[in-house]
Amino acid sequence: MEQFELKSILFPGMDNKRPLVISGPCSAETEEQVLCTAGSLAAKGFKIFRAGIWKPRTKPGGFEGAGSPGLRWLKQVKEKTGMYVATEVATRDHVFEALKAGIDMLWIGARTTANPFAVQELADALKGVDIPVLVKNPVNPDLELWIGAIQRIYGAGIQRLGVIHRGFSSYDKKIYRNLPLWHIPIELHRRYPNLPIICDPSHIGGKRELIASLSQQAMDLNFDGLIIESHCRPDEAWSDAAQQITPDVLDYVLNLLVIRESTQTTENLSELRRQIDGIDESLLEQLAKRMRISREIGIYKKEHNMPILQTPRYGEIMENRAKAGEAMDLNTDFVKKIMTEVHEESVRQQMVVMSKQ
């Protein structure tokens with residue numbers, strides 16, 4: 001697998017201490033709001049200020065950003081606080097205007113990442129530029145689409161490159177605004193271990209009350225940093241007010257984080273991992289045995305002209321296994337998800353048997 005040859009995404013004078021923190025309001029609303037928020041963040045030692053300049057909303061009629069005039073406010077943030085400034089770009093013109101205004105870091109939003117044509121347009125505009133670029137995951141849970149966007153930006157010569165995990169949209173919204181689906185960024189890290197991953201707990205949670213717990217989860221998963229929306233008066237924000245926090249609350253949340261640094265594997269941990277390996281091998285053996293029995297059932301159904309899907313039996317399996325799993329302290333949704341996958345594979349095995357002449 002081809003790896004990315006990257007420079008550090010950090011700026012001069014900044015160390016590699018986790019977490020790298022990027023913060024500021026969802027949208028740059030007014031000059032006063034931008035400078036007020038930036039001043040409070042700078043006073044607490046934060047180094048990278050973010051603000052959305054162009055904010056296309058899901059539906060028309062909402063505040064869609066201050067546009068190009070807001071870039072002047074970000075320039076003032078740099079001049080008055082010494083902070084680096086970052087904003088989202090979605091078009092070639094956005095890139096040119098941001099670079100002309102001296103923006104230090106760019107990120108590509110989830111909706112843009114989902115469109116290879118748009119990403120390629122940005123990549124073409126970034127050729128020959130040495131600037132940190134962060135690529136958010138696409139709105140839908142598609143790892144290959146995410147990787148494709150990263151590759152397009154890397155192909156433009158960008159070597160200060162990272163990603164932002166902001167969760168994935170779902171029709172069935174329960175706790176989170178966007179489902180974390182942690183296994184997707186984990187798999188991305190497995191494939192590209194030198195690619196920095198920044199977590200966006202503001203967009204994953206959609207509620208300020210969830211920012212602390214999501215930030216801790218990201219640190220426990222060894223993410224490199226956090227991008228958190230902060231506003232001097234969050235309840236008055238013109239966009240995504242519910243997920244923004246004050247600089248004071250941000251500082252409090254970050255001070256509560258427990259950062260578990262990577263260490264060499266101890267002998268005890270090695271033994272526990274050996275046990276996990278053995279259990280996984282046993283699980284695979286049992287699954288293979290179950291599929292052999294499923295094929296035998298398929299033969300019986302074929303000989304007796306029976307349909308593959310037996311709905312009452314499927315319902316019985318799901319109900320009984322969920323109850324059994326709950327009794328073993330296993331999450332019910334987790335058990336149902338596993339049994340659904342197992343049942344689908346059993347059906348596939350029986351379809352193969354049925355199709356044989």
Side-chain angles (χ1 to χ4, degrees), residues 6-55 65-89 94-108 126 129-134 158-162 164 196-202 211 215 219 223-234 237 244-255 257 259:
L6 302 177
K7 298 177 182 178
S8 170
I9 68 164
L10 300 181
F11 296 102
M14 295 185 64
D15 58 31
N16 291 314
K17 183 180 179 181
R18 289 196 311 133
L20 169 71
V21 178
I22 304 169
S23 189
C26 172
S27 303
E29 301 162 358
T30 67
E31 179 180 349
E32 184 274 335
Q33 169 250 7
V34 167
L35 294 178
C36 173
T37 305
S40 296
L41 290 169
K44 295 186 178 302
F46 296 106
K47 303 294 185 184
I48 308 176
F49 181 80
R50 57 138 292 156
I53 298 296
W54 300 279
K55 300 290 296 185
S68 300
L71 294 172
R72 294 196 298 270
W73 308 337
L74 295 187
K75 290 181 68 173
Q76 290 184 60
V77 169
K78 290 182 63 173
E79 294 167 359
K80 294 184 177 183
T81 70
M83 298 177 78
Y84 297 103
V85 292
T87 198
E88 177 181 342
V89 290
H94 291 172
V95 172
F96 292 153
E97 290 192 55
L99 294 177
K100 184 179 178 180
I103 301 302
D104 301 296
M105 173 185 278
L106 305 175
W107 78 81
I108 298 172
L126 287 165
V129 177
D130 181 19
I131 189 173
V133 178
L134 303 176
I158 298 297
Q159 290 186 297
R160 289 195 282 168
L161 183 62
I164 298 175
I197 301 182
I198 311 297
C199 181
D200 182 349
S202 302
I211 289 176
S215 297
M219 291 300 96
F223 280 31
D224 297 277
L226 301 165
I227 180 167
I228 299 176
E229 291 185 349
S230 179
H231 191 296
C232 54
R233 296 178 294 274
Q244 300 190 62
I245 57 179
T246 65
D248 284 339
V249 173
L250 173 65
D251 190 51
Y252 177 75
V253 167
L254 295 176
N255 283 329
L257 288 179
I259 309 299

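Side chains included, hydrogens not; waters and symmetry mates left out as well; all remaining heavy atoms used.
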*Asks:* What pair of heavy atoms forms the shortest contact from Leu71 to Trp54, and how long is it?
*Replies:* CD1-CH2, 4.0 Å
*Asks:* Heavy atoms, side chains only, cut-off 4.5 Å: are Leu41 and Leu250 in contact?
*Replies:* yes
*Asks:* Which atom names give the shortest non-hydrogen contact between Lys75 and Ala101, and what distance separates them?
*Replies:* CG-O, 3.1 Å
*Asks:* For Arg72, enumerate each residue passing the side chain to side chain donor-acceptor pair (under 3.5 Å) test, keeping only those at least two apart in sequence or located in another chain.
*Replies:* none
*Asks:* Heavy-atom distance under 4.5 Å between the side chains of Pro234 and Ile245, does that happen here?
*Replies:* no
*Asks:* If you take all heavy atoms of Ala42 and Thr81, which pair is closest and at what distance?
*Replies:* CB-CB, 3.8 Å
*Asks:* Measure the spacing between CD of Glu229 and OG of Ser27 and express it to the nearest 0.5 Å.
*Replies:* 7.5 Å
*Asks:* Between Thr37 and Cys232 (side chain of the first, backbone of the second, donor and acceptor by atom type, cut-off under 3.5 Å), is there such a pair?
*Replies:* yes
*Asks:* Which is it for Ile228 and Val21 under the side chain to side chain contact (heavy atoms under 4.5 Å, CB included) test, yes or no, and what are the steps along the way?
*Replies:* CA-CA 8 Å; Ile228 299 176; Val21 178; 5.5 Å; no
*Asks:* Measure the OH-CD1 distance between Tyr84 and Ile22 for me, rounded to the nearest 0.5 Å.
*Replies:* 13.0 Å
*Asks:* Could you tell me if the side chain of Ile211 sits less than 4.5 Å from the side chain of Val249, heavy atoms only?
*Replies:* no
*Asks:* Return the CE to CD1 distance between Met83 and Ile48, rounded to the nearest 0.5 Å.
*Replies:* 8.0 Å
*Asks:* For the pair Arg18 (side chain) and Phe223 (backbone), establish whether a donor and an acceptor sit closer than 3.5 Å, ignoring hydrogens and angles.
*Replies:* yes
*Asks:* Is any side-chain heavy atom of Gln76 less than 4.5 Å from a side-chain heavy atom of Val34?
*Replies:* no
*Asks:* Which heavy-atom pair separates Val85 from Leu74 by the least distance, and what is that distance?
*Replies:* CG1-O, 3.6 Å
*Asks:* So for atom NZ, which belongs to Lys47, do other residues, nucleotides or ligands contribute more than 12 heavy atoms lying within a distance under 6.0 Å?
*Replies:* no
*Asks:* For Gln244 and Cys26, which heavy atoms make the closest approach, and how far apart are they?
*Replies:* OE1-N, 3.1 Å
*Asks:* Does Asp224 use its side chain to pair, donor to acceptor, with the backbone of Ile197 at less than 3.5 Å?
*Replies:* yes
*Asks:* Which heavy atom of Val89 sits nearest a heavy atom of Ala98, and at what distance?
*Replies:* CG1-CB, 4.3 Å
*Asks:* So, do Pro132 and Trp107 sit near enough that their side-chain heavy atoms are less than 4.5 Å apart?
*Replies:* no
*Asks:* Which distance, rounded to the nearest 0.5 Å, do you find between the NE2 of His94 and the CG of Leu99?
*Replies:* 12.5 Å
*Asks:* Any chance you could lay out the side chain to side chain contact (heavy atoms under 4.5 Å, CB included) test for Glu97 and Ile53, step after step, and finish with the verdict?
*Replies:* CA-CA 11 Å; Glu97 290 192 55; Ile53 298 296; over 6 Å; no
*Asks:* May I ask you to test the Met219-Leu226 pair for a side-chain heavy-atom distance under 4.5 Å?
*Replies:* yes
*Asks:* Given side chains that start at C-beta, do those of Asp130 and Lys7 come closer than 4.5 Å, heavy atoms only?
*Replies:* yes
*Asks:* How long is the straight-line distance from CD1 of Ile227 back to OG of Ser202, given to the nearest 0.5 Å?
*Replies:* 8.0 Å
*Asks:* Say whether, by atom type as modelled, one donor and one acceptor occur between the side chain of Arg50 and the main chain of Pro25 under 3.5 angstrom.
*Replies:* yes
*Asks:* Would you indicate whether the side-chain heavy atoms of Leu134 and Leu106 approach each other to under 4.5 Å?
*Replies:* no
*Asks:* Determine whether a donor-acceptor pair (N or O, by modelled atom type, separation under 3.5 Å) exists between the side chain of Asp251 and the backbone of Pro247.
*Replies:* no
*Asks:* Measure the spacing between CG of Leu126 and CZ of Phe96 and express it to the nearest 0.5 Å.
*Replies:* 8.5 Å
